[in-house]
Amino acid sequence: MADIALRFFKDMLVVASPVQAALRRQGIEDARDQALAVLLEPETIEDAYRLEAAAGPQCLVTPVADFAPARLTALGMEDAAEKLARAAVAIPRSFKPQHLLVEIAPCGLPLDPSSKGSLVENRDQYARAAADFDAFFLNSFTTVDDLKCALMGLRKVSDAPVFASVDVTADGMLASGRGTLAEAVAVMAEFGASVAGFATLSAPADAAAL
């Protein structure tokens with residue numbers, strides 16, 4: 001696959017929607033069921049990707065986002081981590097996208113920003129989730145501290161481009177109420193995110209203002 005970073009500031013890159021929403025429409029609701037579908041029902045995942053690929057995006061996104069060890073443990077899949085990661089990458093790659101983004105969601109561990117030990121453990125969760133991929137997609141983050149740990153963890157082991165997104169409300173606050181979009185974007189810039197973004201359920205006019 002071509003180096004995605006060479007296209008920044010030159011091309012428009014369209015990223016396909018993560019397929020979790022399509023899986024939920026088929027009744028595969030929670031994260032564990034979606035991970036099991038990747039391993040046991042790959043044809044179901046492939047059907048979801050077939051629709052996304054038909055739209056012609058340059059970038060596809062992996063079908064699961066729970067690669068941090070704590071998340072795998074919560075799903076009861078810590079023993080299937082390598083198998084799940086390989087399958088999660090192989091399925092979208094079979095559609096030959098120009099680029100593949102590996103989505104990583106918040107690890108879910110308690111985080112005390114005043115504790116160095118807590119910050120290091122959270123950072124290392126993301127470092128252990130990373131491998132040699134085209135690019136990473138940090139998605140659904142709702143606190144500045146967790147986002148910072150994720151970026152630091154990825155940068156500890158990889159210099160691949162990082163797309164980062166936080167969930168925000170119409171007034172520009174993060175969905176948790178702990179921090180603002182401006183603060184999150186400042187952290188993205190400080191810790192080497194290549195692309196900064198946000199997701200919001202607010203009205204289009206409010207989203208455009210953000």
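Quick note: numbers below take in every heavy atom, side chains included, and nothing from hydrogens, waters or symmetry partners.
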K.L.:
Apply side chain to side chain contact (heavy atoms under 4.5 Å, CB included) to the pair Cys59 and Ile4, showing each step before the final yes or no.
P.N.:
CA-CA 9 Å; Cys59 307; Ile4 193 172; 4.1 Å; yes
K.L.:
Kindly compute the distance separating CG (Leu174) from OG1 (Thr169), expressed to the nearest 0.5 Å.
P.N.:
8.0 Å
K.L.:
Report the relative orientation of the aromatic rings in Tyr126 and Phe141; use parallel for angles under 30°, tilted for 30 to 60°, perpendicular for over 60°.
P.N.:
tilted
K.L.:
Using a 6.0 Å cut-off, check whether atom CG of Leu201 has over 12 heavy atoms from anything other than its own residue.
P.N.:
no
K.L.:
Measure from the side-chain N and O atoms of Glu183 to the backbone N and O of Thr180, and report whether any donor-acceptor pair falls under 3.5 Å.
P.N.:
yes
K.L.:
Rounded to the nearest 0.5 Å, what separation is found between the CD atom of Gln26 and the CD atom of Glu41?
P.N.:
9.0 Å
K.L.:
Can you find a heavy atom in the side chain of Phe198 that is under 4.5 Å from one in the side chain of Val185?
P.N.:
no
K.L.:
Can you give me the closest heavy-atom contact between Val64 and Ala35, atom names plus distance?
P.N.:
CG1-CA, 3.9 Å
K.L.:
So do the side chains of Leu101 and Val15 get within less than 4.5 Å of each other, counting heavy atoms only?
P.N.:
yes
K.L.:
Would you say the side-chain atoms of Arg123 pair up with the backbone N or O of Gly153, donor to acceptor, closer than 3.5 Å?
P.N.:
no
K.L.:
How many angstroms lie between atom CG of Asp47 and atom CG of Leu23, to the nearest 0.5 angstrom?
P.N.:
10.0 Å
K.L.:
Quick one: list whatever passes side-chain contact (heavy atoms from CB on, under 4.5 Å) with Ser115, sequence neighbours left out.
P.N.:
Asp112, Ser118
K.L.:
Measure across Gly179 and Met173 and return the closest heavy-atom pair with its distance rounded to 0.1 Å.
P.N.:
O-CE, 3.4 Å
K.L.:
Are the side chains of Phe136 and Pro161 in contact, using a 4.5 Å heavy-atom criterion?
P.N.:
no
K.L.:
To the nearest 0.5 Å, tell me how far Leu138 CG sits from Leu147 CG.
P.N.:
7.0 Å
K.L.:
Walk me through whether Phe137 and Val195 qualify under side chain to side chain contact (heavy atoms under 4.5 Å, CB included).
P.N.:
CA-CA 9 Å; Phe137 179 28; Val195 178; over 6 Å; no
K.L.:
Between Pro63 and Pro92, is there a side-chain heavy-atom distance shorter than 4.5 Å?
P.N.:
yes
K.L.:
Using the rule that Ile, Leu, Val, Met, Phe, Trp and Tyr join whenever any side-chain heavy atoms are under 4.5 Å apart, tell me whether Val166 and Leu109 fall into a single cluster.
P.N.:
no
K.L.:
Do Gln20 and Pro18 have side-chain heavy atoms sitting under 4.5 Å apart?
P.N.:
yes
K.L.:
Apply salt bridge (charged side-chain N to carboxylate O under 4.0 Å, His left out) to Arg128 and list each qualifying residue two or more places apart in sequence or on a separate chain.
P.N.:
Glu121
K.L.:
Shortest non-hydrogen contact from Arg32 to Gly76?
P.N.:
NH1-O, 3.7 Å
K.L.:
Ser202: which residues meet the side-chain hydrogen bond (donor to acceptor under 3.5 Å, both in side chains) condition with it, sequence neighbours left out?
P.N.:
Thr200
K.L.:
Taking side chain as C-beta onward, heavy atoms only, is Leu60 less than 4.5 Å from Tyr49?
P.N.:
yes
K.L.:
Please tell me whether Leu75 and Val19 are part of a single hydrophobic cluster in this structure, the criterion being side-chain heavy atoms less than 4.5 Å apart.
P.N.:
yes
K.L.:
When you group the ILVMFWY residues by side-chain heavy-atom contacts below 4.5 Å and let the links chain together, are Leu151 and Leu119 in the same group?
P.N.:
no
K.L.:
Hydrogens and angles aside, do Gln98 and Arg7 bring a side-chain donor and acceptor to less than 3.5 Å of each other?
P.N.:
yes
K.L.:
Indicate if Leu6 and Met12 have the same hydrophobic cluster label, given that clusters are the connected sets of ILVMFWY residues with side-chain heavy-atom separations under 4.5 angstrom.
P.N.:
no
K.L.:
Between the main-chain N or O of Gly192 and the side-chain N or O of Arg155, is there a donor-acceptor pair closer than 3.5 Å?
P.N.:
yes
K.L.:
With rounding to the nearest 0.5 Å, note down the distance linking CD in Glu46 to CD in Glu43.
P.N.:
7.0 Å
K.L.:
Write down the atom of Ser165, the atom of Ala199, and the distance for their closest heavy-atom approach.
P.N.:
OG-N, 3.8 Å
K.L.:
Do you know which two heavy atoms are closest between Leu13 and His99, and how far apart they sit?
P.N.:
CD2-CD2, 4.4 Å
K.L.:
Closer than 3.5 angstrom, by distance alone: can the side chain of Gln58 be matched with the main-chain N or O of Val14 as a donor-acceptor pair?
P.N.:
yes
K.L.:
What are the two closest heavy atoms between Asn122 and Pro110, and how far apart are they?
P.N.:
ND2-O, 3.3 Å
K.L.:
When you compare the side chain of Glu78 with that of Pro69, does any pair of heavy atoms fall below 4.5 Å?
P.N.:
no
K.L.:
Determine whether a donor-acceptor pair (N or O, by modelled atom type, separation under 3.5 Å) exists between the side chain of Asp3 and the backbone of Ala5.
P.N.:
yes
K.L.:
Spell out, yes or no, whether Leu51 and Val38 are grouped together once hydrophobic residues are joined by side-chain heavy atoms under 4.5 Å, including indirect joins.
P.N.:
no
K.L.:
Check whether any side-chain heavy atom of Gln34 sits under 4.5 Å from a side-chain heavy atom of Asp30, and report yes or no.
P.N.:
no
K.L.:
Under 4.0 Å between a Lys/Arg side-chain N and an Asp/Glu carboxylate O for Lys156 and Asp124?
P.N.:
yes
K.L.:
By the definition side chain to side chain contact (heavy atoms under 4.5 Å, CB included), identify the one residue from Val144, Thr142, Asp145, Asp146 that meets it with Arg178.
P.N.:
Asp145
K.L.:
Quick check for you: to the nearest 0.5 Å, what is the distance between Leu100 atom CG and Ile91 atom CD1?
P.N.:
11.0 Å
